[in-house]
Protein chains: 2
Amino acid sequence: MAKVQNREEICPVTAVQRLIAGKWKIVILWHLSHKTRRFNELQKLLPEVSRGVLTQQLRDLERDGLVHREVYKEVPPKVEYSLTEIGQSFIPVLDVIAKWGKYYINNTRLSPGPDLARTGSAD
Amino acid sequence: MAKVQNREEICPVTAVQRLIAGKWKIVILWHLSHKTRRFNELQKLLPEVSRGVLTQQLRDLERDGLVHREVYKEVPPKVEYSLTEIGQSFIPVLDVIAKWGKYYINNTRLSPGPDLARTGSAD
DNA sequence: CAGGATCCCGTCGGATACTG
DNA sequence: CAGTATCCGACGGGATCCTG
């Protein structure tokens, strides 16, 4: 029995934690789950995220195979981000997370602390 | 429009991201979802995490209402960690995450730790 | 418009030493 | 056994400037 790398030894939970480690990863995926977005659109959807960071996180997601980056060779430039197939398979997870998030918010005396982003995901 | 509580304006997804922001949060919750654990047990389950960090993340989870910390005034000391009610409501999320994590691992040439070149071998 | 490249800085995580 | 306290290095993320 060839022990195919440690692939089967990897903790799935840890793997996911690594994927969504970035501060804005989940929210980005959340937005992309609704529809394909241009870079500019994402910026407007996430005003708190600077360009550089947004780019970086998108690159991470792309590298991890969750996001597809489509570059249109035009002037002015146009780049569209969308979910890959695997990325789309993550949507149910996002749904569960969002759903539980609402539940959590409604059942906790939360301390917003640093302001939480409003990303228009309320229902 | 008295925005008394920004509770409804908070992005649930972002809220969750904050909760599980710590590097080991999800894994800790995962372990606690199986059964109540003593601090020592958690340490053995997570050899890579140092005591201080483990303590900190547990404290975060406790502060966020997901984990209950039961201290037995004995000698030697004994502390048990378990999921609160809200913490338990998070288990389905963990399940979905774990399930998707497996799917992701099996459908990606990734390298969560060691190396495993993902160049070439186009699909 | 969509970044790439830098710099800066706060935070997080890891290690160590000490305590009840 | 289960922490606490502390220091430090690494990384992440924000801002700014520059490019195709």
Side-chain angles (χ1 to χ4, degrees), chain A residues 11 13-14 16-29 31-32 36-64 67-82 111-117 119, chain B residues 11 13-14 16-29 31-32 35-64 67-82 111-113:
Chain A
C11 171
V13 175
T14 303
V16 176
Q17 125 67 234
R18 288 178 61 94
L19 289 183
I20 61 178
K23 188 172 179 180
W24 307 101
K25 299 276 183 71
I26 314 185
V27 193
I28 291 173
L29 290 174
H31 284 303
L32 292 181
T36 294
R37 297 285 190 184
R38 296 186 56 176
F39 185 80
N40 207 12
E41 293 182 286
L42 287 174
Q43 268 194 108
K44 286 167 189 164
L45 290 169
L46 302 166
E48 303 177 277
V49 191
S50 67
R51 252 179 244 151
V53 174
L54 181 54
T55 299
Q56 187 51 54
Q57 310 243 331
L58 281 168
R59 286 296 143 79
D60 288 350
L61 292 171
E62 188 191 4
R63 180 204 55 196
D64 291 334
V67 164
H68 173 68
R69 180 165 172 265
E70 185 74 34
V71 183
Y72 296 84
K73 288 275 184 176
E74 306 175 354
V75 174
K78 173 180 167 186
V79 178
E80 285 187 344
Y81 292 91
S82 58
S111 50
D115 54 346
L116 295 178
T119 44
Chain B
C11 172
V13 175
T14 303
V16 176
Q17 125 66 237
R18 289 178 57 93
L19 288 182
I20 60 178
K23 188 172 179 180
W24 307 100
K25 299 275 182 69
I26 314 184
V27 192
I28 292 173
L29 290 174
H31 284 303
L32 292 182
K35 55 174 292 191
T36 294
R37 296 283 189 183
R38 297 186 56 176
F39 185 81
N40 206 11
E41 293 182 286
L42 287 175
Q43 269 195 106
K44 287 168 189 164
L45 289 169
L46 301 166
E48 304 176 277
V49 192
S50 67
R51 271 196 290 278
V53 173
L54 181 55
T55 300
Q56 187 52 54
Q57 309 244 333
L58 281 167
R59 286 293 144 79
D60 289 349
L61 292 170
E62 187 190 5
R63 180 204 56 196
D64 292 332
V67 164
H68 172 68
R69 179 164 172 266
E70 184 74 34
V71 183
Y72 297 84
K73 289 275 184 176
E74 309 174 351
V75 174
K78 171 180 167 185
V79 179
E80 284 188 342
Y81 292 91
S82 58
S111 54

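First the proteins, then the strands, lettered A, B, ... as listed; each starts at 1.
Atoms CG (B/L42) and P (D/dC1) sit 14 Å apart, rounded to a whole Å. If you measure from atom CZ of A/R37 to atom C1' of C/dG3, you get 20 Å, rounded to the nearest angstrom. The CZ atom of B/F39 sits 18 Å away from the P atom of C/dG20 (whole-angstrom rounding). Summarising the geometry, the separation between CD on B/E41 and P on D/dG3 is reported as 13 Å, rounded to the nearest angstrom. A/Q56 has its CD atom 19 Å from the P atom of D/dT16, to the nearest Å. Between B/L61 atom CG and C/dC12 atom C1' the separation is 15 Å, expressed in whole Å. The separation between A/L45 atom CG and C/dA2 atom C1' is 16 Å, rounded to whole Å. Here D/dG3 presents its P atom at 14 Å from CG of B/D60, a figure rounded to the nearest Å.
Within the nucleic acid shown, B/V79 comes within 4.0 Å of sugar-phosphate atoms alone, with no base atom in reach, counting heavy atoms only. The residue A/Q57 sits close only to the backbone: its heavy atoms come under 4.0 Å of sugar-phosphate atoms, none of a base. A/Y81 comes within 4.0 angstrom of the backbone, heavy atoms only, and of no base.
Looking at which nucleotide of DNA chain C each of A/G52 and A/E80 is closest to, the 5′-most match is held by A/E80. Of the two residues near DNA chain D, A/P76 and A/A21, the one whose nearest nucleotide lies more 5' is A/A21.
Taking only side-chain atoms of A/N40, from C-beta outward, the nucleotide of C/dG4, D/dG3, C/dA2 with the closest atom is C/dA2. Among the nucleotides C/dG13, D/dA2, D/dG3, the one closest to any side-chain atom of B/P77 is D/dA2. Distance from the side chain of B/R59 is smallest to D/dG3 among C/dG14, D/dG3, D/dG14.
OP1 or OP2 of C/dG20 has not a single side-chain nitrogen or oxygen of B/K73 nearer than 4.0 Å. B/K23 has no side-chain polar atom (N or O) that falls below the 4.0 Å cut-off from OP1 or OP2 of D/dC11. Proximity of A/R38 to the phosphate of C/dC1: no side-chain N or O atom is located under 4.0 Å from OP1 or OP2. Between A/R51 and the phosphate of D/dG13, there is no side-chain N or O to OP1/OP2 separation shorter than 4.0 Å.
Axis angle, first five pairs versus last five pairs of the helix from C/dC1-D/dG20 to C/dG20-D/dC1: 50°, rounded to 10°.
Within the 4.5 Å cutoff, the side chain of A/L46 has heavy atoms near those of the A/H31 side chain. Counting heavy atoms from C-beta outward, A/L32 and A/L42 have side chains that approach closer than 4.5 Å.
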What side-chain donor-acceptor pairs closer than 3.5 Å can you find for residues 51-63 of chain B, not counting sequence neighbours?
| from | atom 1 | to | atom 2 | distance (Å) |
| --- | --- | --- | --- | --- |
| B/T55 | OG1 | B/R51 | O | 2.9 |
| B/Q56 | NE2 | B/D60 | OD1 | 3.0 |
| B/Q57 | OE1 | B/W24 | N | 3.1 |
| B/Q57 | OE1 | B/K25 | N | 3.3 |

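In B/E48, the CD atom is not crowded: 12 or fewer heavy atoms of neighbouring residues, nucleotides or ligands sit closer than 6.0 Å.
Looking at A/E41, its side chain never comes within 3.5 Å of a backbone N or O of A/E80 through a donor-acceptor pair.
In terms of heavy atoms, A/I20 sits closest to B/Q17 at O-NE2, 4.2 Å. Across all their heavy atoms, B/V67 and B/Y81 have their closest contact at CG1-CD2, 3.8 Å.
Once rounded to the nearest 0.5 Å, the distance linking CZ of B/R37 with CD1 of B/I28 reads 13.0 Å.
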